[in-house]
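Taking it in order: structure first as structure tokens, then the write-up.
If you're wondering where the values come from, they're calculated on a predicted model, not measured in any experiment.
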Amino acid sequence: MAEETKFCICCGEDVPYSRRTRDGNEELTCVHCGFVVGTRRESSGAADCIITADDTASVRELLKGLLLNKGLAETVIAAENGQEFVGIFSQRLADHQPVDLVILDLEMPVMGGVSAARVMRAVEDKYHARRTPILFFSSQKCDDALKRQLGVFAPASYVNKGSSPHFDDLVDRIDQLVTSLFHKRA
């Protein structure tokens, strides 16, 4: 009998999964990295604000449109690079406005995602704010070094943009991950 698999957006491939029950809900988790690849729980509702940072205009528009059209966020603010993101994030915390999730491209000009995340965590410490979940976003495979970074910046996850030329594939990955992140945070 063939082993059942599901696509893991962290690993970037079909993987075997295990089932577990948490808080009365069934979760399917990747046996390699532990990422939730499926759940039977309903989404907990829309976020107030998500900030995205990506140097590609089409990806910024895709993310913004998806998050708004799927009802996952009331407000989506898009930045072109990590430096612009840090300015927006810092201003929101200074104004006591919540940020529920940030989506950071790893490779951007001016300031990349890892550097932006490092500054973001320092800003949160300055304002004694709760750690905002980070979704790192790139076409790179998630190697051991990146997995260590996810631990440093926790709560943090990674999604591989994939190599498919079809935006629908990317939309499905982002939708699954964002829903999972809000499920974990609730």
Side-chain angles (χ1 to χ4, degrees), residues 1-47 50-54 59 62-63 66-67 70-73 82 85 89 98-107 112-118 120-121 124-125 129-164 168-186:
M1 177 159 59
E3 186 173 35
E4 290 184 64
T5 62
K6 285 200 168 277
F7 186 81
C8 176
I9 52 184
C10 181
C11 295
E13 60 189 344
D14 285 332
V15 297
Y17 60 88
S18 60
R19 297 174 189 268
R20 70 177 181 185
T21 302
R22 184 183 353 200
D23 300 326
N25 299 293
E26 183 180 57
E27 290 182 343
L28 308 177
T29 58
C30 172
V31 298
H32 301 297
C33 70
F35 185 79
V36 176
V37 295
T39 182
R40 296 196 189 265
R41 181 183 233 184
E42 296 293 316
S43 175
S44 61
I50 296 175
I51 303 174
T52 69
D54 195 291
V59 172
L62 169 71
L63 287 170
L66 168 74
L67 295 167
K70 295 275 186 178
L72 296 172
F85 158 77
F89 184 82
V99 176
D100 297 299
L101 173 70
V102 299
I103 302 175
L104 298 173
D105 186 7
L106 284 175
E107 297 178 7
V114 171
S115 296
R118 190 171 291 114
M120 174 187 147
R121 292 298 186 223
E124 288 171 330
D125 289 346
R130 184 168 113 179
R131 284 185 149 213
T132 304
I134 302 171
L135 168 57
F136 289 105
F137 192 59
S138 179
S139 57
Q140 297 178 23
K141 276 234 174 200
C142 188
D143 60 13
D144 289 337
L146 182 54
K147 287 178 183 176
R148 284 190 297 276
Q149 290 293 328
L150 295 177
V152 169
F153 296 122
S157 295
Y158 171 78
V159 64
N160 186 296
K161 290 180 184 179
S163 57
S164 173
D168 289 345
D169 295 336
L170 183 58
V171 168
D172 290 342
R173 288 180 179 188
I174 299 299
D175 187 16
Q176 179 186 4
L177 186 62
V178 170
T179 301
S180 174
L181 286 172
F182 287 121
H183 164 74
K184 285 181 180 179
R185 189 170 184 198

Spacing of Leu63 atom CG and Leu72 atom CG [to the nearest 0.5 Å]
11.5 Å
Between Gly113 and Leu104, the two heavy atoms sitting closest are O-CD1, 3.6 Å
Scan for side-chain hydrogen bond (donor to acceptor under 3.5 Å, both in side chains) pairs involving residues 6-16, sequence neighbours excluded, and state none if there are none.
none
Under 3.5 Å, which donor-acceptor pairs do the side chains of residues 145-153 form with other protein atoms, sequence neighbours left out?
none

For Asp105 and Ser138, which heavy atoms make the closest approach, and how far apart are they?
OD1-CA, 4.2 Å
Just wondering, do Leu101 and Ile50 contact through their side chains at under 4.5 Å, heavy atoms?
yes
Looking at OG1 of Thr29 and CZ of Arg19, how far apart are the two atoms once the value is rounded to the nearest 0.5 Å?
10.5 Å
Which residue in the set Phe136, Phe85, Phe137 passes side chain to side chain contact (heavy atoms under 4.5 Å, CB included) when paired with Ile103?
Phe137
Quick one: closest heavy-atom pair of Ala154 and Arg131, and the distance?
O-NH1, 2.5 Å
Residues that Glu124 engages under side-chain hydrogen bond (donor to acceptor under 3.5 Å, both in side chains), provided they are two or more places apart
Arg121, Thr132
So how far is it from Leu62 CG to Leu67 CG, rounded to the nearest 0.5 Å?
8.5 Å
Decide side chain to side chain contact (heavy atoms under 4.5 Å, CB included) for Cys11 and Cys30; before the verdict, give the C-alpha distance in whole Å, the side-chain angles of both, and the deciding distance to 0.1 Å.
CA-CA 9 Å; Cys11 295; Cys30 172; 3.8 Å; yes
Exercise: identify the closest heavy-atom pair between Thr5 and Pro16:
CG2-N, 4.0 Å
Can you confirm whether Val159 sits close enough to Leu135 that some side-chain heavy atom of one is under 4.5 Å from a side-chain heavy atom of the other?
yes
